[in-house]
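In what follows, chains carry the letters A, B, and so on, assigned in the order in which the sequence lines appear, proteins first and then strands, with residues in each chain numbered from 1.
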Amino acid sequence: MYSISSRFASRRLRSTRATFRYTAKTVLIGLSWVPVIAYIANHVVWIGVIDGSSMTPTLNPETNGLAKDVTLLWKLNAKNYSSYKRGEVIVLRNPRDPEGTVVKRIIAFEGEEVRTRFPYPESTVIVPPRHFWVEGDNIHSIDSNTYGPIPIGLVTARVQTIVFPLDRWGSVPTAGGRDPRSAVVGLGYPRYPKSTQQSEP
Amino acid sequence: MATRGFRYYTTNASKFVRAVAAVHLLHTYVLEFAITGGLSMLPTLHTVGDHVFLDKYNHRLGREIKVGDVIVISKPTEEHTRICKRVAGLPGDIVYCDAMPKAPMRSAGMPDDLVGLSTGMTNGRTGKYIKVPEGHIWILGDNSMASLDSREYGPVPKALVVGKVLWAVYWGPFNWLPGWPRRIGSNIEATDLSVTDFLPTTQSRK
């Protein structure tokens with residue numbers, strides 16, 4: 001309280017110096033919480049706005065470029081290779097521009113042979129250890145077909161939940177983009193068991 | 001006698017949390033003190049016992065990296081591991097990928113089911129000159145005979161760079177005291193040499 005003013009008492013309750021000290025102390029205590037918020041933003045969870053159309057129609061389905069999806073970026077366990085499942089959407093640092101990040105979907109894991117798309121120079125490639133083959137849901141996206149498999153060290157976060165717009169609120173689907181069963185050699189579609197009985201004419 | 005109440009513990013816990021978060025922030029984004037090991041950077045760094053200071057503030061994500069810098073990067077083929085090599089090529093540079101014998105991946109700590117599976121990035125490109133793609137760097141260990149570097153991993157994305165090594169302090173396992181800090185510089189010593197710097201001298205023939 002700086003002062004009380006009323007008809008009965010009009011005096012300052014605290015000196016300027018004391019108020020200054022109180023403000024300084026509050027500001028410093030507030031600032032001391034900033035590293036904790038920074039830790040949470042970098043290693044736990046933060047909000048991310050998705051830019052670009054490489055994950056259309058799963059993320060940013062509007063083609064006008066004005067409506068951007070807002071998602072939760074989960075950074076807990078982001079560098080743990082075995083915690084990723086096929087079809088997860090991840091955020092990774094752009095291999096061609098270290099300051100930028102891209103959002104893509106995991107298609108294949110280490111040791112798997114992938115049938116590549118244009119413009120990759122080889123027709124199939126084996127994913128190296130601790131690398132992912134990532135592709136954008138949009139057929140025109142610049143992804144592993146351009147820059148090859150990406151190491152786990154580039155992955156920053158998982159995108160699992162859309163927060164905004166509210167009509168698409170919820171989990172990001174694990175299917176979208178190229179079907180891994182056609183992209184990965186050896187995954188294959190399930191075969192129906194042959195019937196041993198004679199079929200009725 | 002008054003016992004320490006709820007307020008005492010929460011105040012001190014919140015101070016502890018804030019202190020740990022501040023130290024972590026400094027450690028990750030400003031300066032880090034790390035221990036190195038291995039033969040691949042001899043004679044610059046010792047095999048065991050070399051403790052290095054990493055500058056992260058200026059050199060995280062490969063910012064301002066120059067040829068000749070000793071840097072620490074996340075290992076491309078293994079998670080939660082880091083390797084320390086020297087930058088030999090920047091994006092756009094032409095480097096020579098020499099045909100080193102492929103070190104067995106098992107010795108590099110590779111999990112058993114992936115032994116023999118290399119990144120494949122240098123298949124068919126050893127013994128050739130390569131242009132480093134944009135956003136990538138070419139790294140080489142100083143002891144190239146015993147170093148898994150870009151000759152195996154191919155060009156490495158700049159975003160994997162964790163920091164640049166500034167100083168090294170050697171405190172070996174059999175030494176009582178640590179050594180004096182050594183400045184780890186770029187091995188590009190002089191760029192304004194002329195022919196006369198390379199002529200033989202009387203001394204050099206001994």
(request) Could you tell me whether A:Arg130 and B:Glu79 make a salt bridge, using a distance below 4.0 angstrom between a side-chain N and a carboxylate O? (result) yes

Is it the case that over 12 heavy atoms from other parts of the model lie below 6.0 angstrom from the [atom1] atom of [X]?
| X | atom1 | result |
| --- | --- | --- |
| B:Arg183 | CZ | yes |
| B:Phe33 | CZ | yes |
| A:Arg181 | CZ | yes |
| A:Ile139 | CD1 | no |
| A:Tyr22 | OH | no |

(request) Looking only at non-hydrogen atoms, find the nearest pair between B:Lys158 and A:Pro98 and report the distance. (result) CB-CG, 3.7 Å

(message) Can you give me the closest heavy-atom contact between A:Glu99 and B:Leu61, atom names plus distance?
(response) OE1-CD1, 4.4 Å

(message) Below 4.5 Å, heavy-atom pairs only: which of A:Gly153, A:Ala38, A:Pro95 has the largest tally toward chain B?
(response) A:Pro95

(message) Heavy-atom pairs under 4.5 Å with chain B: which of A:Ile152, A:Ile150, A:Asn42 has the most?
(response) A:Asn42

(message) Please classify the contact of A:Asn80 with chain B as side chain, backbone, both or neither, using a heavy-atom distance under 4.5 Å.
(response) both

(request) Please state whether the side chain, the backbone, both or neither of A:Ile40 comes within less than 4.5 Å of a heavy atom of chain B. (result) neither

(message) Please identify, among B:Val23, B:Thr28, B:Thr81, B:Leu160, the residue contributing the most non-hydrogen atom pairs under 4.5 Å to chain A.
(response) B:Leu160

(message) Going by side chain to side chain donor-acceptor pair (under 3.5 Å), name the residues that satisfy it together with A:Ser182, two or more places apart in sequence or in a different chain.
(response) none

(message) As an exercise, state the distance from OH of A:Tyr147 to NE2 of B:His136, rounded to the nearest 0.5 Å.
(response) 10.0 Å

(request) Determine, stepwise, if the pair B:Glu134 / A:Asp97 fulfils side chain to side chain contact (heavy atoms under 4.5 Å, CB included). (result) CA-CA 7 Å; B:Glu134 60 169 322; A:Asp97 169 24; over 6 Å; no

Would you check if [X] and [Y] make a side-chain contact, meaning some heavy-atom pair closer than 4.5 Å?
| X | Y | result |
| --- | --- | --- |
| A:His131 | B:Pro76 | yes |
| B:Tyr153 | A:Pro128 | no |
| B:Pro157 | A:Leu154 | yes |

